Asks: 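Dropping a structure here in C-alpha cells format, bear with me for questions.
Since the model is a prediction, treat every value here as computed from it, not as a measurement. Residue numbers start from 1 in every chain, and the chains themselves are labelled A, B, ... in the order their sequence lines are given, proteins ahead of strands.
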Protein chains: 2
Amino acid sequence: MLSRQYIVAVTTWGLFDTHTIRYTFGMTDDFDAFDTLFLVEVEDDDGAGAQTLSFSRSPTVLLTFAANRFTRAAAKTYAQKFGIGAVDWRMLVMLTRKPGATVTESANTIGIDKGAISRCIARLEKRGLATKGELHANGRSRGWWLTAEGRKLHGEVLREALDRQRILLDGYSEEEIAQFTDLLRRFLVNLDALTEKTSG
Amino acid sequence: MLSRQYIVAVTTWGLFDTHTIRYTFGMTDDFDAFDTLFLVEVEDDDGAGAQTLSFSRSPTVLLTFAANRFTRAAAKTYAQKFGIGAVDWRMLVMLTRKPGATVTESANTIGIDKGAISRCIARLEKRGLATKGELHANGRSRGWWLTAEGRKLHGEVLREALDRQRILLDGYSEEEIAQFTDLLRRFLVNLDALTEKTSG
DNA sequence: GATTCGATGTTGTCACGTCAATATATTGTT
DNA sequence: AACAATATATTGACGTGACAACATCGAATC
C-alpha cells in the first residue's frame with residue numbers, strides 16, 4: 001500500500017507538525033484518488049472537516065520551500081564572503097559556460113527577467129568582473145566576457161558552491177542524485193507545458 | 001557506468017543547450033570525483049579550458065530554477081484569477097491546516113519572514129478573508145482564523161492548485177512522486193544542517 | 001516592587017525581480 | 001525613399017521578501 005511511503009517526520013522547523021492532522025486515505029470530498037495523495041484532512045474548531053494541501057507530501061510545496069531556503073542561505077553567504085548576489089553568481093557561471101553571451105540569451109538561460117540581467121551585468125562591469133564586446137551586426141546586442149578578475153572570482157565561488165552542494169547532498173547515493181536531477185528535469189519540461197497552456 | 005544517467009535533453013528554453021560544451025568524466029583540475037559529477041568543461045575563446053557548474057546536472061541549479069519558474073507562474077495565475085499573491089495562498093493553507101495559528105507559527109512553518117506574514121495577514125483581514133482571535137495570555141500573540149469567505153476562496157484556489165500540480169506531475173508514477181518528496185525532504189534536513197553550520 | 005530579559009508583533013529600509021514603457025537600430029514593405 | 005515592423009537593451013515604477021530596529025507586554029530576578 002501507499003501509506004508507508006508517507007511517514008511524517010517531525011523536525012525542528014515545524015513543517016511536518018502533526019497536531020490536529022489526520023491523513024485521509026479514504027474519500028471524503030469529491031477529490032479523486034490522485035489529488036487525495038496530496039491532501040490532509042483537518043479538523044476545524046467547530047468540528048467541521050476540511051481538506052487542504054499537505055505540506056510534507058506535496059512536491060510543489062516542498063520544492064518551493066527548499067529552493068527558497070537554499071537561495072536565501074546561499075545569497076547570504078555569497079554576499080558576506082564575496083560581495084555578490086545570487087544572480088551575480090549565476091551570471092558568472094553563465095559567462096563561463098558561454099563566453100560572449102548576450103543579455104537576452106542569459107535571461108532565457110538563467111530564467112529571470114532581462115531587466116534584472118541588464119542591471120546585473122552593469123554591476124559586474126562596474127566591479128571590473130566583466131567586459132562588453134563589440135556590437136553585433138544587428139546594432140543592439142553585444143556579447144559579454146568575464147575579465148581575468150571575473151574568472152578568478154568565479155573559481156573561488158565555485159569552490160564554495162560545491163562545498164555547499166556536497167553538504168546538501170549528504171546521504172544521497174549517486175543513483176539517487178541521478179534520480180533527483182531526472183525528476184527535476186521532467187518537472188521543468190512539464191512547467192513548459194503548463195505555462196504554454198496558460199499564456200497561450 | 002554513470003554517463004548514461006546524464007543524457008542531456010534539448011528543450012525550448014535553452015537551459016540544456018550543448019553548444020561548445022563537453023562533459024568531463026575524466027579529471028582535469030583538482031576537483032574530486034564527486035564534484036566532477038556537477039561540472040562541465042567549457043572551451044574558452046582563446047582555447048583555454050575552464051570548469052563551471054553544469055546547469056542540467058546540478059540538483060541545486062535545477063531546484064532553484066524549477067521553483068522560481070513555478071512560483072512565478074503560480075503567482076501570476078493566482079493574482080489574475082483570485083487577486084491574491086503566492087504568500088497569501090500559502091497563508092490560506094496555513095490557516096486551514098492550523099486554525100488559530102499565530103504570526104510567528106505561520107512564519108516558521110511557511111518559511112518566510114514574520115514581517116511578511118504580518119503584512120500578509122493584514123491584507124487578508126482587510127479583504128475579509130481572515131479574522132483575529134483574542135490576545136493570548138502572553139499579551140502579544142493572537143490566533144488567526146479564516147472567515148467563511150476565506151474558506152470559500154481557499155477551496156477555489158485549492159482546485160486550481162491541484163490542477164496545476166496534476167499537470168506538473170504528469171508522467172510521474174506514484175512511486176516516483178514518493179521518491180521526489182523523499183529526496184526533497186532529505187534536502188531540507190541537510191539544509192538545516194548547513195544553515196546551522198554557517199550561522200552558528 | 002523595580003528592573004531586566006525574553007517573546008512577539010509591527011514598521012521602516014533596502015535589495016531585487018517583474019512588468020511595462022521607451023530608445024534605438026535593422027529589416028522588410030510599399 | 002519613407003514608413004512600419006521587429007529585435008534588443010535600458011530604464012522607471014511597483015510589489016514583495018529579508019533584515020533590523022523598535023514597541024509592547026509578561027515573566028523572572030533581585
Side-chain angles (χ1 to χ4, degrees), chain A residues 14 64-65 67-80 83-91 100-127 130 132-144 195 199, chain B residues 14 64-65 67-80 83-91 100-126 130 132-144 195 198-199:
Chain A
T64 54
F65 200 90
N68 283 347
R69 298 204 342 142
F70 168 74
T71 303
R72 203 185 319 157
K76 211 169 167 182
T77 301
Y78 296 162
Q80 286 174 352
I84 61 174
V87 177
D88 300 320
W89 162 233
R90 286 187 226 171
M91 200 60 199
T102 67
V103 167
T104 299
E105 268 178 345
S106 304
N108 290 338
T109 303
I110 300 180
I112 59 179
D113 188 77
K114 63 193 163 104
I117 298 291
S118 180
R119 283 182 256 252
C120 168
I121 200 72
R123 274 198 303 271
L124 295 183
E125 187 187 27
K126 195 171 184 179
R127 281 194 47 181
K132 58 186 161 208
E134 292 302 307
L135 273 179
H136 291 170
N138 62 24
R140 293 172 302 277
S141 62
R142 57 169 20 121
W144 288 88
T195 46
S199 63
Chain B
T64 54
F65 200 89
N68 284 345
R69 299 203 343 142
F70 169 73
T71 303
R72 204 184 320 155
K76 212 169 166 181
T77 300
Y78 295 162
Q80 286 173 353
I84 61 173
V87 176
D88 300 319
W89 162 234
R90 288 188 225 171
M91 199 61 196
T102 66
V103 166
T104 299
E105 267 178 345
S106 304
N108 290 338
T109 302
I110 301 181
I112 59 180
D113 188 76
K114 64 190 165 117
I117 297 291
S118 178
R119 283 184 255 250
C120 168
I121 200 70
R123 273 196 304 272
L124 295 183
E125 187 188 25
K126 195 170 184 179
K132 58 188 163 207
E134 291 302 307
L135 273 178
H136 291 171
N138 62 24
R140 293 173 303 278
S141 62
R142 58 169 21 119
W144 288 89
T195 46
T198 304
S199 64

Asks: For the helix from C:dG1-D:dC30 to C:dT30-D:dA1, figure out the bend between the end axes, five pairs an end, and round to 10 degrees.
Replies: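 So the angle between the two local helix axes works out to 0°.
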
Asks: Who are the side-chain contact (heavy atoms from CB on, under 4.5 Å) partners of B:A74, not counting sequence neighbours?
Replies: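 Expected list: B:Y78, B:R164.
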
Asks: So, for A:F65 and B:N108, which heavy atoms are closest and what is the spacing to 0.1 Å?
Replies: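 Heavy atoms only, the tightest pair is CZ-O, 4.4 Å.
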
Asks: Rounded to whole angstrom units, what separation is found between the CD1 atom of B:I121 and the P atom of D:dT16?
Replies: 15 Å

Asks: Whole angstrom is fine here: how far is it from CD1 in A:I117 over to C1' in C:dC16?
Replies: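 Going from A:I117 (CD1) to C:dC16 (C1'), I get 12 Å.
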
Asks: Is the backbone of A:T64 close enough, under 3.5 Å, to the side chain of A:R69 for a donor and an acceptor to pair up by distance?
Replies: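 Answer holds: no.
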
Asks: I need the CG-P distance between A:N68 and C:dC16, as an integer number of Å.
Replies: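 Checked: the CG to P distance equals 16 Å.
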
Asks: Among residues at least two apart in sequence or on other chains, which ones pass side-chain contact (heavy atoms from CB on, under 4.5 Å) with B:S118?
Replies: none

Asks: Return the minimal non-hydrogen interatomic distance between A:V87 and A:I112, and the atom names on each side.
Replies: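 In this case the closest contact between A:V87 and A:I112 is CG1-CD1, 3.4 Å.
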
Asks: Can you tell me which residue pairs pass the salt bridge (Lys or Arg N to Asp or Glu O under 4.0 Å) test with a partner in residues 109-125 of chain A, sequence neighbours excluded?
Replies: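 The answer is A:D88-A:R123, A:E125-A:K132.
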
Asks: Tell me: CG of A:N108 to P of C:dT18, nearest whole Å?
Replies: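 About 12 Å, once rounded to whole Å.
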
Asks: Just how far, in rounded Å, is P of C:dC16 from CD1 of A:I110?
Replies: 14 Å

Asks: Send over the distance from B:E134 CD to D:dC25 P, rounded to a whole Å.
Replies: 15 Å

Asks: Once rounded to the nearest 0.5 Å, what's the spacing between atom CZ of A:R140 and atom OG1 of A:T104?
Replies: 10.0 Å

Asks: Within the structure, does a side-chain N or O atom of A:S118 lie under 4.0 Å from either OP1 or OP2 of D:dT10?
Replies: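 Yes, such a contact exists.
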
Asks: Show each protein N/O and nucleotides 19-21 of chain D N/O combination with a separation under 3.5 Å, one pair to a line.
Replies:
residue: D:dC19; atom: N4; partner: B:D113; partner atom: OD2; Å: 3.4

Asks: Would you sort out whether B:I121 and B:M91 count as a side-chain contact (heavy atoms from CB on, under 4.5 Å), showing the intermediate values?
Replies: CA-CA 8 Å; B:I121 200 70; B:M91 199 61 196; 4.0 Å; yes

Asks: Roughly, in whole Å, what's the span from CG in B:D88 to P in D:dT16?
Replies: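 It works out to 7 Å between those atoms.
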
Asks: Nearest whole Å is fine: how far is D:dG15 P from A:I112 CD1?
Replies: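 So the CD1-P distance, A:I112 to D:dG15, works out to 21 Å.
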
Asks: Can you sort out the partners of A:A75 under side-chain contact (heavy atoms from CB on, under 4.5 Å), two or more places apart, ordered by chain and number?
Replies: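 Applying side-chain contact (heavy atoms from CB on, under 4.5 Å) to A:A75 gives A:A86.
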
Asks: Restricting both atoms to N or O, compile the protein contacts to nucleotides 22-25 of chain C shorter than 3.5 Å, with distance only.
Replies:
residue: C:dA25; atom: N3; partner: A:R140; partner atom: NH1; Å: 2.7

Asks: Just jot down the side chain to side chain donor-acceptor pair (under 3.5 Å) partners of A:S141, sequence neighbours excluded, or say none.
Replies: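 Partners of A:S141 by the side chain to side chain donor-acceptor pair (under 3.5 Å) criterion, ordered by chain and then number, come out as A:H136, A:N138.
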
Asks: Verify, without hydrogens or angle tests, whether A:E105 (side chain) and A:T102 (backbone) share a donor-acceptor contact under 3.5 angstrom.
Replies: yes

